[in-house]
A.B. asks: 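After the structure tokens below, expect a handful of questions from me.
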Amino acid sequence: MRKKTALLIAAVMVLTLVGHAQSEKAGVLWVDYDFKNIPEPRSRDIGYYASFFNSEATEQWKRAVDIPRFGRLAVGNSKPAANVNALDEVPDSSWFTNRHALRPMKVEQLVRGPNRGDPPDLTRATITKAKMEGVTPGLQLTDTKGNDYIIKFDLKNYPELQSGAEVISTKILYAAGYNVPENYIAYLDPQSLQIKEGVEIGLGKSKRPFTREELDKMLQKAAVRPDGRYRILASKILKGASKGPFAWVGLRTDDPNDLIPHEHRRELRGLRVIASWINHWDLKEGNTLDMYVEEGGRKFLRHYLIDFGSTLGGGKNPLEYFHGREYVIDTGNMVKELFTLGVYVAPDEKKAPLIDPAVGIFSADDFEPGGWTPSFHVMPFDNMTSEDAYWATRVILAFSEDELRRIIDTAEYTDPKVADHLFKTLVERRQHIARHWFRDINPIGSFAVHTDKDGSALQFEDLMAAHDLSPKGEYRYELIGPEGNGGNHREKKIATTPQIPLGTSGQVRVRIWATSNEKAKPVTVHLQTKPGGTLGILRIERS
Amino acid sequence: MLMHFHRTFLVVLLTCTCFNTRLHARQQTEIPPEIPEPGVADSESAGAAEPDRVVEGRPNLYGVKKALHPFSWIEWGLRPAIQGVEKFAAGRLGPDAENKPPKVSGVKFSISGVGGTGSSSGLGVEVRPFHNDLFGTGTELEVPLGFTVRVYESYRFRLNYPLVRNDSFKRLGLELTGRYMSRPSESFYGIGNNSPHWAEARFRSVSRTAGIALDARFNDTWSLRVEEGYRSIGITKPRNHASVTDVFQGADVPGLSEPNSAMLTTTASLQRSTKDRTNLASSGGLQRIEASLNDALTGGDFSYWRYMAEVQQFIPLDDSKRKVIALRARLETTEEKGGSVIPFYDLPAIGGRQTVRGFASRRYTDKSAVSASLEYRYRIWRHVDWGFFVDTGKVAPEIGNFARSRFHTGYGIRFMVRAKGDRAVSIDVGHSHEALMFYVDFTPDF
């Protein structure tokens, strides 16, 4: 009998310890190693309408009958992001690389963004492909140096709008950590262009040879500069083999590296906040791309965001107000209009004045971060938790005003007022975002243990106070240490600065409340003595 | 034995503790490793942590749950069809299509409902070969061929040769028309504003029409048409319903005893249209008057004048034209010549899509009919409108017999879809004290 009891106890302990070990396994892991060699996957391109039906219909229906999700929402326990480490950060992966927020970049790096070479040399370029689809007509060409680019023109009545937006957003998204193509502003003299034999334009039955006349027809819709040249956005063709867009929901079955459902990836959930900042409303699956690349001797898929022409004030119809404010098919607003007999005024009905042809109607005046809506449903956005929002807000707060200004300058706007407006708008929108998403969450972060002759202290940053979004406050904290034989020792104190002295050694937990937002849950920082005797951060819990 | 067990127990405990400690020790990294540009793929060689994943594997049963979800089946089932349509429609939809000039010739396929073959025809398919510049002369030719699920048939042709085309006179065309139409089951309830619903009887009609017309389009607003037409009509019994010949007496219903007749019809119509689009207009209006003289060549003493006037007006309530009040009034009257009569199938009527939608097609018939509609439409989405309507109408032997009382009123709701160009669909649900009617209209001109 005693033997059985002892065996049972042993089994329970083993399971407990193994379980504990596994729960700690998602520890401070900084590289989620999804770069393993994989066989070449098939191209996944299900088409615009099938993708649209999937995101706007079936995934929405599935969500509407997802009873467990409603249960979790009812008890305030939304499913957390699956790819965060013990410090509540996103490890580097083929999807995301921690850049400016965790590893501050120099201004030169921010200004350069993903670009690794010189701008394209278009003195003797050859058109190799042509397309009329997308926001603006575009061409694929090979420049004098032999590099391939997709080039896009600015709309005739909106010079510099799309190209400027694309360059700025590319650099912001790159610094945030996403994989993006190299995008350059360049100037093109159409007379210098050659058309490669066999180039066609159009789809299906309307396919026809792309001729000089077609080029002229295309250029009639593009903005031309006083010197007769065209300002273009040149997007360098990505390295590797294109495998089609990635899905916002699910896993790629032919990619063994793809273990985390995309709807539960934090970088994709948090993209909602970043996208709202730059008004990246055109986030359909077609504006993502998986590339089968070879790096470091391994072949794997790298996941890109592409096509940022519909950011800031850009878009095919820059005066359309609803972008960023409602879905293309917004059943909620449709129901409101239906039952109010049309009295409810949906964003689709509203208008805003054109600020400048190079700006569109992009402003911070009526920006509501919580209500910002992409034109297409993006399931990771719907799954975003306050922790994801905190993470993303911290990412965008990493840009200093000077850095933002320098990034905007790379769009080479003719009128300095345009750059001024965009700078002011981005700063204001970011403040709105921070105020909104930090409303319900403890705004402290950037934890570090500082040790000197007086002992160790836990330092952190109050993001609201640091960005002048709230007055400097106090921090209530509780030190929970293993002192004494009778269990955990607790000390409750107040700190007037974002620094907490750690008087104890060994494993310690610190729970911290920001008095500026007492409603928010405390942040719990788990500390542990490192082999050298100093304290280190083991884990951070935000909820 | 007990000692042996204790030893084993301690070994297990120690092993677990060591395992746990090892894990913790391995994960003490606080500072993220530097990223070697251009990508983290090289971090392994740069001495970062040994390759590891943030999760052990894919979530349990993730793929199975997705595969078992009925909505996944719908998606997978429909995907090939959607992709097929996308492939088929490549170049017809999207920005590229917008840039294309309108087609000069081709074949159009459409769902043909009440528009092509009249109310109660049911849905069908219409195939319409067309050419808008035959032999380079500007001659328009179209041959709409329609067939519905209720076996209503309509085969037409129209050839319009331009006599005059210039800046001041948009087009004067000489037009030849022809049509074969078979309507297998038409309702007839008797004549008069009080004809009872229980008296419903049916008949089958087959008509063949040929005409020649002068069609003048002065500009985008005004048009005039004068037409001379020949029409042969045959009335027979329907297949599965009580026939009009069994329910009604020939003496009470003109034309009932002359099942086959041929008529010559001269028609003149003048139209002014300021509608912003032909279908589901949001502003402007339409005024139309028509007069025709009908004389039987064979089959009965049918000779009568027919006059019709229709007014539509669309009043936008806001600048964006998202909220619109739509009004429609229609008056139709006939007048016998001498002692002739008007066949029952040609009598003015109310009921159906173009008059009072809460009643069956041609529910009340008499020598004069008047109807009016009031509709409130509002946009609920960029391409979708919703509407509420009330229709009312009355028939009487003479216009002078119309009084304010005894109007037949119906009301209902309307779902409207506007596509690019002038394409539109409306689904109307009309209700009255005796019927609930559904209409699907692919050419909703009101």
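Lettering follows sequence order; numbering is per chain, from 1.
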A.B. asks: Measure distances from B:D319 to the heavy atoms of chain A and classify the residue's part below 4.5 Å as side chain, backbone, both or neither.
C.D. replies: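 Contact with chain A involves no heavy atom of B:D319 at all.
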A.B. asks: Where on B:F71 is there a heavy atom nearer than 4.5 Å to chain A: the side chain, the backbone, both, or neither?
C.D. replies: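 Both parts, backbone and side chain.
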A.B. asks: For A:D330 and A:Y327, indicate whether the former's side chain and the latter's backbone hold a donor-acceptor pair under 3.5 Å.
C.D. replies: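 Yes; at least one donor-acceptor contact below 3.5 Å.
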A.B. asks: Against chain B, label A:V345 side chain, backbone, both or neither, depending on which of its atoms sit under 4.5 Å from a heavy atom there.
C.D. replies: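 Neither; nothing under 4.5 Å.
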A.B. asks: Are the side chain of A:N85 and the backbone of A:E89 linked by a donor-acceptor contact shorter than 3.5 Å?
C.D. replies: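 Checking the backbone N and O of A:E89 against the side chain of A:N85, a donor-acceptor pair under 3.5 Å is found.
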A.B. asks: Looking at A:G342, is its backbone amide N or carbonyl O close enough to the side chain of B:R322 to form a donor-acceptor pair, meaning the two atoms are under 3.5 Å apart?
C.D. replies: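 Checking the backbone N and O of A:G342 against the side chain of B:R322, no donor-acceptor pair under 3.5 Å is found.
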A.B. asks: Quick check against the 3.5 Å criterion: does A:D32 have a side-chain atom that pairs as donor or acceptor with the backbone of A:P91?
C.D. replies: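 Looks like no, no N/O pair under 3.5 Å.
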A.B. asks: What residue, out of B:K66, B:R79, B:R377, B:H383, has the most heavy-atom pairs lying under 4.5 Å from chain A?
C.D. replies: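 Among B:K66, B:R79, B:R377, B:H383, the one with the most close pairs to chain A is B:R79.
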A.B. asks: Between B:S320, B:G63, B:S72, B:P70, which shows the greatest number of heavy-atom pairs under 4.5 Å with chain A?
C.D. replies: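 Among B:S320, B:G63, B:S72, B:P70, the one with the most close pairs to chain A is B:S72.
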A.B. asks: Below 4.5 Å from any heavy atom of chain B, which atoms of A:E326 appear? Answer side chain, backbone, both or neither.
C.D. replies: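 For A:E326, the contact with chain B is made by the side chain alone.
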A.B. asks: Cut-off 3.5 Å, side chains only: do B:S282 and B:K275 have a donor facing an acceptor?
C.D. replies: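 No, no side-chain donor-acceptor pair sits under 3.5 Å.
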A.B. asks: Is a side-chain N or O of A:N179 found less than 3.5 angstrom from the main chain of A:S94, in a donor-acceptor match?
C.D. replies: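 Yes.
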A.B. asks: Check each atom of B:L78 against the heavy atoms of chain A and say whether the ones under 4.5 Å are side chain, backbone, both or neither.
C.D. replies: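 Side chain only.
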A.B. asks: What part of A:F447 gets within 4.5 angstrom of chain B, counting heavy atoms only: side chain, backbone, both, or neither?
C.D. replies: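 Looking at A:F447, nothing touches chain B.
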A.B. asks: Applying side-chain contact (heavy atoms from CB on, under 4.5 Å), name anything that partners B:A81, two or more places apart in sequence or on another chain.
C.D. replies: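 Per chain and number, B:A81 pairs via side-chain contact (heavy atoms from CB on, under 4.5 Å) with no residue.
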A.B. asks: Please check: side-chain N/O of B:Y411 versus main-chain N/O of B:R357, any donor-acceptor pairing under 3.5 Å?
C.D. replies: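 No.
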A.B. asks: Where does B:R382 contact chain A at under 4.5 Å (heavy atoms): side chain, backbone, both or neither?
C.D. replies: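 The answer is both parts of B:R382.
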A.B. asks: Do the side chain of B:N279 and the main chain of B:D422 share a donor and acceptor less than 3.5 angstrom apart?
C.D. replies: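 Checked: pair present.
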A.B. asks: For chain B, which residues from residues 258-266 of chain A have at least one heavy atom closer than 4.5 Å to it?
C.D. replies: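 Contacts with chain B: A:D258, A:L259, A:I260, A:P261, A:E263.
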A.B. asks: I'd like to know if the side chain of B:S426 pairs up with that of B:D441 as donor and acceptor (distance under 3.5 Å, no hydrogens or angles considered).
C.D. replies: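 The criterion, which ignores hydrogens and geometry beyond distance, is not satisfied for B:D441 and B:S426.
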A.B. asks: Sort out for me which of A:V293, A:L251, A:N333, A:T253 touches chain B most, counting heavy-atom pairs under 4.5 Å.
C.D. replies: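 Between A:V293, A:L251, A:N333, A:T253, the count favours A:L251.
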A.B. asks: Where on A:Y344 is there a heavy atom nearer than 4.5 Å to chain B: the side chain, the backbone, both, or neither?
C.D. replies: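 Neither part.
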A.B. asks: Is it true that a side-chain atom of A:N115 and a backbone atom of A:G117 form a donor plus acceptor pair closer than 3.5 Å?
C.D. replies: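 Answer holds: no.
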A.B. asks: Heavy-atom cut-off 4.5 Å, strictly under: side chain, backbone, both or neither for A:V328 against chain B?
C.D. replies: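 Looking at A:V328, backbone and side chain both touch chain B.
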A.B. asks: Could you check whether B:S283 and B:K321, counting side-chain N and O atoms only, form a donor-acceptor pair closer than 3.5 Å?
C.D. replies: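 B:K321 vs B:S283: donor-acceptor pair found between side chains.
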A.B. asks: What part of A:K36 gets closer than 4.5 Å to chain B, counting heavy atoms only: side chain, backbone, both or neither?
C.D. replies: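 Looking at A:K36, just its side chain touches chain B.
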